[in-house]
Protein chains: 2
Amino acid sequence: MDATEQAEGRAARGTAGQARRMPRAERRAQILDAATRAFARGGFAATGLDDVAAEAAISRVILYRHFASKSELYREVLDRARTHLIEQVGADNFTEYSIPAFVKAAAADPAGFRLLFRHAVREPEFRDLTDSLAAYSTEVAHRHLTALIPDEDWAQWAARLVPTVAIEAVIAWLDAGRPEPDRAAERIADAVHGVIDAAQPR
Amino acid sequence: MDATEQAEGRAARGTAGQARRMPRAERRAQILDAATRAFARGGFAATGLDDVAAEAAISRVILYRHFASKSELYREVLDRARTHLIEQVGADNFTEYSIPAFVKAAAADPAGFRLLFRHAVREPEFRDLTDSLAAYSTEVAHRHLTALIPDEDWAQWAARLVPTVAIEAVIAWLDAGRPEPDRAAERIADAVHGVIDAAQPR
DNA sequence: CCACTTGTTAATTCACGAGTATACATGTAA
DNA sequence: TTACATGTATACTCGTGAATTAACAAGTGG
């Protein structure tokens with residue numbers, strides 16, 4: 001998705017099957033990128049270290065010179081994706097810039113985005129990393145909605161649904177080929193407002 | 001969730017650790033119910049046959065007298081959930097009764113519902129069972145939306161998002177404690193319409 | 001040139017869960 | 001009461017994938 005992996009593919013190997021030599025820090029970062037893509041396909045359990053190694057175009061043993069275990073690697077991948085996302089969306093409040101920033105972040109790192117929200121959220125052993133995100137976004141939404149929705153049950157319903165719909169709307173947008181990248185956030189925000197309206201008293 | 005398992009728990013065992021004797025067909029159905037609940041917690045890979053056996057309050061070996069393998073059991077569980085859902089929602093077209101029927105079906109079998117849409121959809125080996133559902137609902141939505149949304153990209157976006165939002169709205173409703181069961185479908189339908197509006201040209 | 005790091009391949013250990021086999025206990029029906 | 005189906009418990013086999021080790025190759029920097 002950016003500048004680190006365009007050199008990987010086949011070009012990473014010489015004729016003798018030797019991978020390109022790389023300084024430690026760079027290799028580490030490149031493994032994290034590759035692991036993000038590999039894990040994004042099937043999540044933790046379904047993705048073997050061989051898959052990760054293949055994606056990074058190195059041998060499996062090398063992984064252990066950079067990460068103590070599969071779990072640790074995965075945790076670091078998730079943590080990085082989460083951190084990047086928070087950095088780009090930031091804000092403790094739900095503002096008109098939240099959704100555009102969210103869309104932009106997803107477009108910048110779709111693998112990380114999918115990994116976080118399609119897989120990691122369903123993996124109990126790593127919930128601690130995604131629960132903060134989920135709980136936090138729900139809480140922000142709830143704080144924002146509590147003024148708009150008098151019924152507490154439906155306010156909770158909307159508070160849980162708003163982040164989910166934002167996520168799913170973004171993924172659907174990615175899947176649809178990212179039409180109108182600069183208007184997408186607008187559409188997605190509208191879909192979110194549809195949920196809020198649905199929770200209004202009638 | 002219905003009439004088959006209220007007798008299970010501890011009451012199923014006598015003092016000697018012997019499970020209640022049950023005719024073959026009944027036991028089979030009870031295992032399927034229990035397996036639905038067990039698998040609904042973590043999906044196929046994360047759920048061991050021990051978990052299933054424990055949930056059914058029988059020993060693990062018995063499972064093999066009813067099902068040839070874990071995969072076969074899982075397939076049957078999924079197929080049953082899918083069939084029940086289709087029976088209750090039915091309709092080849094999206095009508096005003098579709099969403100109420102959908103909500104009702106989810107309320108009747110929440111474990112099967114979650115299993116299908118939270119787990120099975122992300123399990124490549126069992127995609128054949130859920131793809132029909134997903135592809136079909138997307139196609140129905142697309143057919144319904146193509147008249148309303150001129151831009152094909154956004155029509156596709158909405159067609160994918162509509163079933164997803166319906167599903168997520170139902171799950172959020174279940175999680176929120178099922179408030180106002182008879183008005184829920186109305187709210188959920190509103191949320192869905194919010195998505196459709198968001199895809200309109202502006 | 002020498003030491004060190006970054007790589008490779010191959011073989012091995014280990015844990016875990018699916019699947020199988022065996023021996024035994026107990027309701028139920030002919 | 002005899003035959004059979006339904007149940008238990010235990011102990012295995014077997015495959016897979018994580019984790020480790022060892023021997024070797026090749027850039028790089030002092």
Side-chain angles (χ1 to χ4, degrees), chain A residues 7-8 10-32 34-35 38-39 41-77 123-126, chain B residues 7-8 10-32 34-35 38-39 41-77 123-126:
Chain A
E8 303 324 317
R10 288 299 86 208
R13 297 177 168 285
T15 54
Q18 197 77 352
R20 188 178 109 227
R21 213 182 148 87
M22 221 179 257
R24 185 167 177 81
E26 189 179 340
R27 176 63 80 192
R28 190 185 157 85
Q30 184 249 338
I31 290 176
L32 285 171
F39 282 127
R41 289 196 285 267
F44 181 74
T47 306
L49 286 182
D50 286 316
D51 300 314
V52 175
E55 182 73 33
I58 55 174
S59 71
R60 199 167 53 81
V61 181
I62 286 293
L63 295 177
Y64 286 100
R65 294 201 192 160
H66 294 269
F67 303 94
S69 68
K70 186 188 180 188
S71 299
E72 191 188 290
L73 168 59
Y74 193 63
R75 287 197 165 274
E76 208 141 336
V77 164
E123 293 164 342
E125 332 142 44
F126 305 101
Chain B
E8 304 323 320
R10 288 299 85 211
R13 299 176 167 284
T15 54
Q18 197 76 350
R20 189 179 106 227
R21 215 183 147 90
M22 222 179 257
R24 184 168 177 82
E26 190 179 338
R27 175 63 79 192
R28 189 185 158 86
Q30 184 247 339
I31 290 176
L32 285 171
F39 282 128
R41 290 195 284 268
F44 181 75
T47 307
L49 287 181
D50 287 315
D51 300 314
V52 176
E55 182 73 33
I58 56 172
S59 70
R60 200 169 56 84
V61 181
I62 286 292
L63 294 176
Y64 287 99
R65 294 203 192 157
H66 295 269
F67 303 93
S69 67
K70 186 188 180 185
S71 299
E72 190 188 290
L73 168 59
Y74 193 63
R75 286 196 166 274
E76 208 141 334
V77 164
E123 293 164 343
E125 334 143 43
F126 304 101

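None of these values were measured; they are calculated from a predicted model. Below, read A as the first sequence line, B as the second, and so on, with proteins coming before strands; counting in each chain starts at 1.
When the P atom of dG7(C) is taken as reference, atom CZ of R27(A) falls 4 Å away, rounded to whole Å. Residue R20(A) contributes atom CZ, which lies 17 Å from atom C1' of dT8(C) at whole-angstrom precision. In this structure, E72(B) places its CD atom 10 Å from P of dG19(C), rounding to the nearest Å. Atom P of nucleotide dA19(D) and atom CG of L73(A) are separated by 10 Å, given to the nearest angstrom. Here the P atom of nucleotide dT6(D) and the CD atom of Q30(B) are 14 Å apart, to the nearest Å. One interatomic measurement links the two molecules: OH of Y74(B) to P of dG19(C), which rounds to 15 Å at whole-angstrom precision. With rounding to whole Å, I58(A) atom CD1 is found 11 Å from dT6(C) atom C1'.
For the side-chain hydrogen bond (donor to acceptor under 3.5 Å, both in side chains) test, residues two or more places apart in sequence or in another chain that qualify with R41(B) are E55(B). Among residues two or more places apart in sequence or in another chain, the ring-ring contact (aromatic ring centres under 6.0 Å, His included) test is passed with F67(B) by none. The ring-ring contact (aromatic ring centres under 6.0 Å, His included) check on Y74(A) picks up F39(A), F44(A), F126(A), with sequence neighbours excluded. Applying the side-chain hydrogen bond (donor to acceptor under 3.5 Å, both in side chains) criterion to R60(A), with sequence neighbours excluded, gives D50(A).
Of the candidate nucleotides dT9(C), dG7(C), dG7(D), dG7(D) has the atom nearest to the side chain of I62(B). Nearest nucleotide to the R65(B) side chain, out of dG7(C), dA9(D), dT6(D): dT6(D).
Across all non-hydrogen atoms, the minimal contact from G42(B) to A46(B) is O-CB, 3.3 Å. Contact detail for V52(A) and A35(A): the closest heavy-atom pair is CG1-CB, 3.8 Å. Shown here for L49(B) and L63(B), the closest heavy-atom pair between the two residues is O-CD1, 3.6 Å. Minimum heavy-atom separation, R65(B) to R24(B): O-NH2, 2.8 Å.
Along DNA chain C, the nucleotide nearest to V61(A) and the one nearest to H66(A) differ in position, and the one closer to the 5' end is contacted by H66(A). Where A68(A) and P23(B) meet DNA chain D, the nucleotide closest to each residue was compared, and P23(B) sits on the side nearer the 5' end.
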Exercise for review: Heavy atoms under 4.0 Å is the rule here; annotate nucleotides 12-18 of chain C 5' to 3' with B where the base is hit, S where only the sugar-phosphate is, and - elsewhere.
Suggested key: ------S

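One finds a salt bridge joining E26(A) and R20(A) here, because a Lys/Arg side-chain nitrogen approaches an Asp/Glu carboxylate oxygen to under 4.0 Å.
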Give every pair of a protein N or O atom and an N or O atom of nucleotides 2-4 of chain C that lie under 3.5 Å apart, one pair per line with the distance.
none

